[in-house]
Amino acid sequence: QVQLIESGGGLVQAGDSLRLSCAASERTFTSYAKAWFRQAPGKEREFVAYVSWSGTTTFYTDSVKGRFTISRDNAKNAVYLQLNSLKPEDTAVYYCAGTANSWGVDASRRPYNYDFWGQGTRVTVSS
């Protein structure tokens, strides 16, 4: 069973930065597209960012464009999410997800199209 393990969350102030990491337990996961989702209290899980298996394609939800950057290092079997200029509304549990399928842009934003999930890492941004 493939496992995804997120780390890097924490409590920060508005304007600060964090770097989230997602490590996979199996090398075969390097061929999977990856995404970050987040879920705030009382809200549905929402798409944040996507990176193709090669790292050549990325896209983001509008609210984080210009502030967050997704990247991956297949040699280290890891995916990252750099969070800059954090806002209180970014407060959520952030989840790493993976899929072996090559979905289109819209489908890649849907949580149900991902086969593997991590346990989440909490990000809290105070004002």
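This structure is a prediction, so every number in the text was calculated from the model and none was measured. All values below were derived from every heavy atom in this structure, side-chain atoms included, with hydrogens, water molecules and symmetry-related copies excluded.
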Q: With a 4.5 Å cut-off on side-chain heavy atoms, are Phe68 and Leu86 touching?
A: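 Yes, close enough: below the 4.5 Å cut-off.
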
Q: Could you pull out the closest heavy-atom pair between Ala14 and Ser127, with the gap in Å?
A: CB-CA, 4.4 Å

Q: Output the distance between atom OG (Ser21) and atom CG (Leu81), rounded to the nearest 0.5 Å.
A: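 Between atom OG of Ser21 and atom CG of Leu81 there are 9.5 Å.
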
Q: So how far is it from Arg19 CZ to Leu83 CG, rounded to the nearest 0.5 Å?
A: 11.5 Å

Q: Without swapping roles, check the side chain of Thr99 against the backbone of Lys34 for a donor-acceptor pair under 3.5 Å.
A: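 No; zero donor-acceptor contacts below 3.5 Å.
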
Q: Evaluate the side-chain proximity of Cys22 to Leu4: yes if any heavy-atom separation is below 4.5 Å, no if none is.
A: yes

Q: Taking Val51's backbone N and O only, do any of them form a donor-acceptor pair with Thr58's side chain (distance below 3.5 Å, no angle check)?
A: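 No, Thr58 side chain to Val51 backbone: no donor-acceptor pair under 3.5 Å.
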
Q: Keeping the roles fixed (side chain from Asn101, backbone from Trp103), state whether a donor-acceptor pair exists under 3.5 Å.
A: no

Q: I want to check something: taking the side chain as every heavy atom from C-beta on, are Tyr80 and Leu20 in contact at a cut-off of under 4.5 Å?
A: no

Q: Just how far is it from atom CD1 of Ile5 to atom OG1 of Thr121, taken to the nearest 0.5 Å?
A: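 Atom-to-atom, Ile5:CD1 and Thr121:OG1 are 12.0 Å apart.
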
Q: Is it true that the side chains of Asn84 and Ser17 contain a donor and an acceptor less than 3.5 Å apart?
A: yes

Q: Give a yes or no on whether the backbone of Thr57 and the side-chain of Ser52 come within a donor-acceptor separation of less than 3.5 Å.
A: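 Between the backbone of Thr57 and the side chain of Ser52 there is a qualifying donor-acceptor contact (under 3.5 Å).
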
Q: How long is the span from the CD atom in Gln3 to the CD atom in Gln119, to the nearest 0.5 Å?
A: 9.0 Å

Q: Report yes if the side chains of Arg122 and Thr124 come closer than 4.5 Å at any heavy-atom pair, otherwise no.
A: yes

Q: So do the side chains of Cys96 and Phe116 get within less than 4.5 Å of each other, counting heavy atoms only?
A: no

Q: Leu18 versus Asp16: any side-chain heavy-atom pair under 4.5 Å?
A: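 No, every pair of side-chain atoms sits at 4.5 Å or beyond.
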
Q: Could you check if a side-chain atom of Ser108 sits within less than 4.5 angstrom of a side-chain atom of Phe59, using non-hydrogen atoms only?
A: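 A side-chain contact under 4.5 Å exists here.
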
Q: Check whether any side-chain N or O of Asn77 sits under 3.5 Å from a backbone N or O of Ala24 as a donor-acceptor pair, and report yes or no.
A: yes

Q: Please verify the inter-ring angle class for Phe29 with Tyr32; under 30° counts as parallel, over 60° as perpendicular, anything in between as tilted.
A: tilted

Q: Do any side-chain atoms of residues 35-50 form donor-acceptor pairs under 3.5 angstrom with protein atoms, and if so which ones, sequence neighbours left out?
A:
residue, atom, partner, partner atom, Å
Arg38, NE, Glu46, OE2, 2.6
Arg38, NH1, Asp90, OD1, 3.0
Arg38, NH1, Tyr94, OH, 2.9
Arg38, NH2, Glu46, OE2, 3.2
Arg38, NH2, Ser63, OG, 3.4
Gln39, OE1, Arg45, NE, 3.3
Gln39, OE1, Arg45, NH2, 3.4
Gln39, NE2, Lys43, O, 3.1

Q: I need the minimum non-hydrogen distance between Arg72 and Val79, along with the two atoms involved.
A: CB-CG2, 4.0 Å

Q: Would you indicate whether the side-chain heavy atoms of Ile70 and Tyr60 approach each other to under 4.5 Å?
A: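 Of all side-chain heavy-atom pairs linking Ile70 with Tyr60, at least one is under 4.5 Å.
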
